[in-house]
Amino acid sequence: MAGRIPEEVVEEVRTSVNITDIIGQYVQLKKSGKNLFGLCPFHEERTPSFSVTEDKQIFHCFSCGRGGNVFKFIMEIENLDFPAAVTKVAELGNVSVDLSTYQGKPQRPVDPKREKLFALYRDATALYHHILVNTNTGEAALAYATQRNLNATLLDTFQIGFAPQQRDLLITFFKEKQTDFQLLRQSGLFIENDDGTLRDRFVGRLMFPIRDEQGRVIAFSGRILQVTDNQPKYLNSPETDLFNKRDVLFNFDLAKSEIRKAKRVILFEGFMDVIAAFQAGVKNGVASMGTSLTNEQLYHLRRATDQLVVCYDGDAPGMKATNRVIELLKDDQRFNLSIVTLPEQLDPDEYVKKYGSEQFQNEVTNSLETAPAFRLHFLKQNRNLDNEQDKIAYINDALQELVLVSSAVERDVYLNQLSEDLHVSYTALVQQLQQLLEKTTAEHDRVRAQQQPKKEVVPVYQQQVHKLDRVELAERELLRLYFHDPTVRTRLRNRADFSFIHDNYQLLYTFGEGYFEKHDSFLIAEFMDYLPSTDDRLQRLVSAVEQMSVPPTTSDEQVTDYLIAMRRSVFEKQLQKAQNDLRDATRTGDDKQAVQLLQQIIDLKRQIQEVATQQMI
């Protein structure tokens, strides 16, 4: 039976890792002041509001309010309970400690239907893979895979399989396991016949499992072995409860750690390109699901890096696809975009076969060009620059492209290249570009003048999750001082009637008293381990309290002001209630009750006036 992890073991794991190293494996962090910021992994946002404070070893999102220490982060991001999170942190941080006797489990209840679908895809993946590598039925497909340089290691890594021509193989397999029929209908693995029976969706295809960010198979893409006119080359799973093609990137689960190491991601056009690159040692590659790149996919990538390299096929369709990505991202400031155009119109798979892994690595590392440089090459396509009309049209299009380049130095580089390549006066190009810039600036100014003035937007990370009233602000300040100032702790303990107004603050105070019985000083990451791991409210609140900026010194007057504000709020609430009760008594004609309430109101008003001048212990 799993036991509670001893406090000293938890402490050993926590102090052996740096929270930035652990969170950095999930979120791209950048230094800003004393903290590191990134896009919050728990909700979608465009402005970084997720903060990691390295000296305190805590994280906090100023937008959604989540916060805690390294264990809390792993519990949230991986949906684990506390023992499992400690084990995961030890694994991620390479901490040598035996945690085998402390078994964890999912932190929150899971969706039973989704879990059954995951199991369905897990079993189908295993069956298809077994057929490919271990059976006579899969021999032809295995020969094809070998011809495509898919060796045993790649087949195992990507769990590639084969769906044979037999149309009832998978449905029979699951019927024998007595799998629920409605679950099979909704899985996307089958096609429903007119009579309501099911048949296998994938037949005669090499099967590429599509995995989510956690590495769970959620769909398939099947590649036909022999292309025919009436069959698509690739057949993808339909969208299901597990699979939304707009939200999925092929190989992102394996690539994300490599992306963070390389500090960039390479976007390929297809699955085979990603796998060929992987085999060649380029493991930070992903591919979209046969559609244009989506905002959802870009969001996943932006959490990992801001350096995006597009390496599509070098042929005309690949060039057009690359141009579409550039168009999509031209107004998006989240990425630094680079392009790799493989020579001889080769795709990555063909390039690796022809020139080898080392040359391919060099190509995708050192042959990068900017998006404007690619666009200038792209605009040349299908134009005869020896023809005067084509040449002038190209120059006009090229200069329109350079209007979008913000860097004057970068524009000058391209202008020099255009002048040299086209044998056109550099001065003439500069003059024409200047006219275009002035025209564009004037147009932008006209549009801005027509728009209503907009309220200044405060960066998300400067906002509070909710606005604190005067009383809660006093409680938060006082709790912060209680954690860090022994004299404040003593002063509060000497007040027998002291308590916080709001329950969460009082709970933290109570846990704090227990914590300080064992510890002389306050370490927030350590204190968070002392709190109930399942109580998100307390974890978030103590994280928010620690994010407050406080003066380097604390005066007795400050503490007194906080205590007065809290005590006044108690009397003010009692006064409000008495006033409401008085209105009710007057309305019902209860004169005796009205007289008593009137006296109570007078007393409460006097107490409110006195409390401000009262000597507080």
> Out of curiosity, Leu242 CG to Phe118 CZ, how far, rounded to the nearest 0.5 Å?
Replying inline: 4.5 Å

> Lys88 and Leu92: side-chain contact (heavy atoms from CB on, under 4.5 Å), yes or no, with the steps?
Replying inline: CA-CA 6 Å; Lys88 183 71 174 179; Leu92 293 172; 4.0 Å; yes

>> Could you check whether Phe71 and Phe82 have their ring centres less than 6.0 Å apart?
In response: yes

>> Please verify the inter-ring angle class for Phe59 with Phe42; under 30° counts as parallel, over 60° as perpendicular, anything in between as tilted.
In response: tilted

> With respect to Leu155, which candidate in Leu206, Ile160, Ile275 satisfies the side-chain contact (heavy atoms from CB on, under 4.5 Å) definition?
Replying inline: Ile160

> Are side-chain heavy atoms of Ser237 and Arg201 found at a separation under 4.5 Å?
Replying inline: no

>> Quick check on the 6.0 Å ring-centre criterion: do His130 and Tyr128 meet it?
In response: no

>> If you take the centroid of each ring, where Trp contributes its six-membered ring, are Phe208 and Phe250 closer together than 6.0 Å?
In response: no

> For the ring pair Phe360 and Tyr355, is the centre-to-centre distance below 6.0 Å?
Replying inline: no

>> Which residue is it: Glu78, Glu213, Arg260? I am looking for the one with a side-chain hydrogen bond (donor to acceptor under 3.5 Å, both in side chains) to Tyr26.
In response: Glu78

> By side chain to side chain donor-acceptor pair (under 3.5 Å), which residues pair with Glu258, not counting sequence neighbours?
Replying inline: none

> Among Leu29, Ile19, Ile23, Thr53, which residue meets the side-chain contact (heavy atoms from CB on, under 4.5 Å) test with Leu36?
Replying inline: Leu29

